[in-house]
Amino acid sequence: MYRTHTCGELRMRDAGKAVTLAGWVQRVRNFGGMLFLDIRDRYGITQLVFNPEHNAAASQLANELGREYVILAMGKVAERSNKNAQMPTGEIEIHVEHLEVLNASKTPPFTIEEETDGGDELRMNYRYLDLRRNNNQQNLLHRHQVARAVREYLDGQNFVDIETPHLIKSTPEGARDFVVPSRLNPGQFYALPQSPQTFKQLLMVAGYDRYYQIVRCFRDEDLRQDRQPEFTQIDCEMAFVRREDVLHMFEGMVKFVFKKVRGIELPDFPRMSYDDAIHDYGNDKPDLRFEMKFVHLKEGETNLVGERSFKPFDEAEMVAGICVNGCADYTRKHLDELTEFVKRPQLGATGLVYIRCLADGTFKSSVDKFYTAEDLKIIAAKFNAVPGDLLLILAGPAGRTGKALSELRLEMGNRLGLRRKEDYKPLWVLDFPLFEYDAEENRWNAMHHPFTSWRPEDEAFFESDPGKIKANAYDIVLNGVEIGGGSIRIHKRDRQEKMFTMLGLTKEEALQKFGFILNAFEFGAPPHGGIAFGFDRFCSMTIANQENIRDFIAFPKNNMGRDMMLDAPGTIDEKQKKELGLK
Ligand code: ASP
């Protein structure tokens with residue numbers, strides 16, 4: 001055996017055993033001739049001790065080692081006189097009798113510790129060193145555990161893991177395609193799948209009934225912290241299901257994973273319509289770890305703020321606010337900060353109105369000039385405000401104002417510590433609109449994707465008001481992050497054609513792009529539906545409760561879509577270009 005134990009394994013019960021460990025040098029300390037060396041591997045860290053009086057050669061060699069040298073040490077497990085309760089192996093040490101250097105190491109450009117001194121870019125360049133750090137190793141091990149739990153659950157439910165191709169024709173998920181030139185078909189290109197959407201539907205036509213795949217998807221989008229050009233989905237599809245069946249199956253999966261991997265029992269997931277989510281939280285993925293719902297002061301017949309000559313309210317389509325408990329004593333400075341926050345160009349609010357609910361039952365607001373004490377009382381009552389509360393109100397066009405208020409709500413949640421790390425609040429959001437209008441292009445787009453079916457009762461809106469049609473689509477949201485989404489699909493050719501027509505495709509275009517699936521729908525396509533989870537994000541949310549998916553991907557790309565270590569993408573030579581018909 002190369003090694004008898006790992007560096008995280010030995011305990012008091014092993015005292016006296018002769019062992020062989022292999023790993024990396026974490027650090028070496030010299031105490032008056034005695035050398036203490038921490039040896040590290042994936043499993044942990046163990047202290048090695050070298051005593052020059054007992055073993056001069058090994059001690060001499062140990063003295064010459066630098067950080068990250070790979071070594072093999074043989075010796076005896078002994079009880080430590082100076083125990084370290086912080087370390088699982090902290091009760092023992094190895095008295096080394098024989099030491100070998102398996103490989104030397106240059107001094108690493110940053111420390112291989114949880115709190116490293118290396119910046120982002122440097123660590124991306126040396127990702128293999130970054131991946132040696134314990135936090136990264138824990139993240140990837142977590143990812144592995146989540147994948148295992150997902151498979152265990154789905155296998156148990158008769159799902160079949162089937163691979164689908166990566167060199168395909170475009171699948172429309174609303175992003176740009178990455179394309180691959182075809183050498184054998186000069187001038188022609190494959191697209192990399194944005195998702196296996198059409199294939200999983202074809203598998204339902206083929207009778208596989210329950211499919212899943214943990215699969216790489218590719219989308220050429222502008223990148224953000226939580227996006228990667230290639231990412232992984234848990235992609236699933238089921239035949240002979242209604243929405244309820246799908247929700248039930250995948251709520252079960254999320255619960256199973258939490259229980260299995262984290263030991264956390266999640267209660268049944270609440271459900272909310274898209275319209276309610278937008279109305280109450282200004283957002284189709286509300287963070288339900290805290291309440292702070294929107295209160296609308298001006299909508300429909302209601303207008304609690306009208307006709308007081310306060311222009312921003314008089315002219316606004318929407319006036320709404322949130323009630324922040326216990327913040328009536330916010331200082332001018334705090335309020336200025338919040339005003340700046342909502343006025344940032346990304347949010348674009350024109351200003352922020354506040355009302356402080358004072359201890360004596362009176363109010364102090366930024367609109368005292370326009371609203372009487374009685375007005376403010378009526379408004380505060382609408383918020384169910386009590387003394388000590390701070391009301392924050394925004395006004396303007398509905399879409400933008402809702403979005404800005406949503407961000408303000410999240411910001412207040414952060415400030416008040418209401419978005420707790422160990423709190424998990426999942427949610428189903430249902431009844432999304434089928435279409436969203438693209439004003440620039442002057443046409444309707446599918447909000448989910450063009451294979452999503454709609455509520456039969458909304459059929460008439462196709463002629464009168466397509467914006468009103470509700471899709472048979474659902475999203476699963478966890479703590480304000482969308483972790484998955486899916487729909488019940490169209491499974492009849494004429495319905496699918498109707499959809500393509502709405503999206504502005506001519507009959508010829510529809511046939512050229514999607515003839516294969518239109519044809520398949522004529523050969524006994526069963527009713528079907530499914531869902532896909534963003535696996536990287538699911539991993540990050542199930543442990544860190546944070547969206548930084550990069551930490552859960554072994555070799556991620558940076559914000560420019562570059563692999564820093566490989567220096568990809570790169571150019572190709574002329575010969576290769578020619579072969580590919582690119583020149
Ligand atoms: N293919 C969809 C997506 O990638 C998920 C689904 O509808 O199942 O978002």
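These values consider heavy atoms only, across backbone and side chains, with no hydrogens, waters or symmetry-generated copies.
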Using the side chain to side chain donor-acceptor pair (under 3.5 Å) criterion, which residues pair with [X]? Sequence neighbours excluded.
| X | value |
| --- | --- |
| Tyr437 | Asn442 |
| Asp567 | Arg562 |
| Lys577 | none |

Does a side-chain N-to-carboxylate-O contact under 4.0 Å join [X] and [Y]?
| X | Y | value |
| --- | --- | --- |
| Asp287 | Arg419 | yes |
| Asp536 | Arg143 | yes |
| Lys259 | Glu265 | yes |
| Lys498 | Glu459 | yes |
| Lys255 | Asp268 | yes |
| Arg262 | Glu422 | yes |
| Arg123 | Asp130 | yes |

Over 12 non-hydrogen atoms of neighbours within 6.0 angstrom of [atom1] in [X]:
| X | atom1 | answer |
| --- | --- | --- |
| Arg148 | CZ | no |
| Glu115 | CD | no |
| Phe110 | CZ | yes |
| Glu457 | CD | yes |
| Asp222 | CG | no |
| Phe461 | CZ | yes |
| Arg11 | CZ | yes |
| Arg495 | CZ | yes |

Let me check something: any side-chain donor-acceptor pairs from residues 568-576 under 3.5 Å, sequence neighbours excluded? List them with distances.
{"from": "Asp573", "atom 1": "OD1", "to": "Lys575", "atom 2": "N", "distance (Å)": "3.4"}
{"from": "Asp573", "atom 1": "OD1", "to": "Gln576", "atom 2": "N", "distance (Å)": "3.0"}
{"from": "Glu574", "atom 1": "OE1", "to": "Lys583", "atom 2": "NZ", "distance (Å)": "3.1"}

In terms of ring plane angle, is the pair [X] and [Y] parallel, tilted or perpendicular, where the classes change at 30° and 60°?
| X | Y | result |
| --- | --- | --- |
| Tyr126 | Tyr128 | perpendicular |
| Phe258 | Phe538 | perpendicular |
| Tyr153 | Phe256 | tilted |
| His166 | Phe218 | perpendicular |
| Phe514 | Phe500 | parallel |

Is it the case that the side chains of [Y] and [X] hold a donor-acceptor pair, with the cut-off being a distance below 3.5 Å and no angle test?
| X | Y | value |
| --- | --- | --- |
| Thr164 | Gln213 | yes |
| Tyr212 | Asp155 | yes |
| Arg243 | Asn472 | no |
| Thr542 | His142 | yes |
| Asn445 | Arg443 | yes |

When the side chains of residues 515-531 are checked against the rest of the protein, which donor-acceptor pairs come out under 3.5 Å, sequence neighbours left out?
{"from": "Asn519", "atom 1": "OD1", "to": "Arg493", "atom 2": "NH1", "distance (Å)": "3.0"}
{"from": "Asn519", "atom 1": "ND2", "to": "Gly515", "atom 2": "O", "distance (Å)": "3.3"}
{"from": "Glu522", "atom 1": "OE1", "to": "Arg493", "atom 2": "NH1", "distance (Å)": "3.0"}
{"from": "His528", "atom 1": "ND1", "to": "Pro526", "atom 2": "O", "distance (Å)": "2.8"}
{"from": "His528", "atom 1": "NE2", "to": "Gln201", "atom 2": "NE2", "distance (Å)": "2.9"}

Please assess Asn559 against Arg550 for the test side-chain hydrogen bond (donor to acceptor under 3.5 Å, both in side chains), listing each intermediate value before the final yes or no.
CA-CA 10 Å; Asn559 284 344; Arg550 250 196 238 171; 2.9 Å; yes
If you apply the rule side-chain hydrogen bond (donor to acceptor under 3.5 Å, both in side chains), what do you find for Tyr211 with Asp235, and how did you get there?
CA-CA 8 Å; Tyr211 141 95; Asp235 191 46; 2.9 Å; yes
Listed once per pair and sorted, the salt bridge (Lys or Arg N to Asp or Glu O under 4.0 Å) pairs that draw on residues 469-481, sequence neighbours left out:
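Residue pairs with at least one partner in residues 469-481: Asp275-Lys470.
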When you measure from the side chain of Arg289 to the backbone of Tyr424, do you find a donor-acceptor pair of N or O atoms at a distance under 3.5 Å?
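Checking the backbone N and O of Tyr424 against the side chain of Arg289, no donor-acceptor pair under 3.5 Å is found.
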